[in-house]
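Since the model is a prediction, treat every value here as computed from it, not as a measurement.
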Amino acid sequence: MRLPIVLLALAIPAGPALAQRPATPEMSCRQAKALVDRSGGLVLGTGGQTYDRFVRDRSFCEVTEITIPAFVPAGDTPHCFVGYRCKEPSRNWLDDY
C-alpha cells in the first residue's frame, strides 16, 4: 500500500514543472525575439494556457512546411514579431497568410 502513495507523491511535483515554458507576456519583445533566435526553435507561452512553437527560419520546420510570420503579446507591446511558425501549405496559397 505504501508504494503507490510514494509513487504518487513523487509524480505530483513533476507535473506542473514539466508544463512550464517561457512566457512572452513576462518578457520584452527584444528578449522574446532573442530567445527564438538563440534557440532556433522552441515552444513559448503566449498568455494563460496558450502556447505555440516558434522558429528562427525554415530550417527548423519539416521539409514540407513553410514559414509564416509570428506575432505574440510581449511585456512591452501587444504585437511583437518573434520569428515564424511552421505550417503545412494549403492548396490555396492565399490561405497561408
On a heavy-atom basis, the closest approach of T64 and E88 is OG1-OE2, 2.6 Å

Nearest heavy-atom neighbours spanning G45 and Y51
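For G45 versus Y51, the nearest heavy atoms are CA-CB, 4.0 Å.
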
Hey, is the main chain of A74 close enough, under 3.5 Å, to the side chain of T24 for a donor-acceptor pair? no

For residues 27-35, tabulate all N or O donor-acceptor pairs below 3.5 Å that involve a side-chain atom, not counting sequence neighbours.
{"unit_1": "S28", "atom_1": "OG", "unit_2": "Q31", "atom_2": "N", "d": "3.1"}
{"unit_1": "S28", "atom_1": "OG", "unit_2": "Q31", "atom_2": "OE1", "d": "3.4"}
{"unit_1": "Q31", "atom_1": "OE1", "unit_2": "S28", "atom_2": "N", "d": "2.8"}
{"unit_1": "K33", "atom_1": "NZ", "unit_2": "D37", "atom_2": "OD1", "d": "3.0"}

- Between atom OG1 of T67 and atom CZ of R85, what is the distance when rounded to the nearest 0.5 Å?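 Reported value, rounded in 0.5 Å steps: 12.0 Å.
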
dist D52:CG -> R21:CZ (nearest 0.5 Å) comes out at 10.0 Å

Checklist line | Hydrophobic cluster membership, V36 vs V55, 4.5 Å side-chain cutoff | finding: no

Side chain to side chain contact (heavy atoms under 4.5 Å, CB included) between F54 and T46, worked out | CA-CA 11 Å; F54 302 95; T46 56; 3.9 Å; yes

Pairwise salt bridge (charged side-chain N to carboxylate O under 4.0 Å, His left out) hits with a residue in residues 54-79, at least two apart: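 For residues 54-79, and leaving out neighbouring residues, there are no salt bridge (charged side-chain N to carboxylate O under 4.0 Å, His left out) pairs at all.
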
With sequence neighbours left out, the residues meeting ring pair (Phe, Tyr, Trp, His ring centres under 6.0 Å) with Y84 are F81

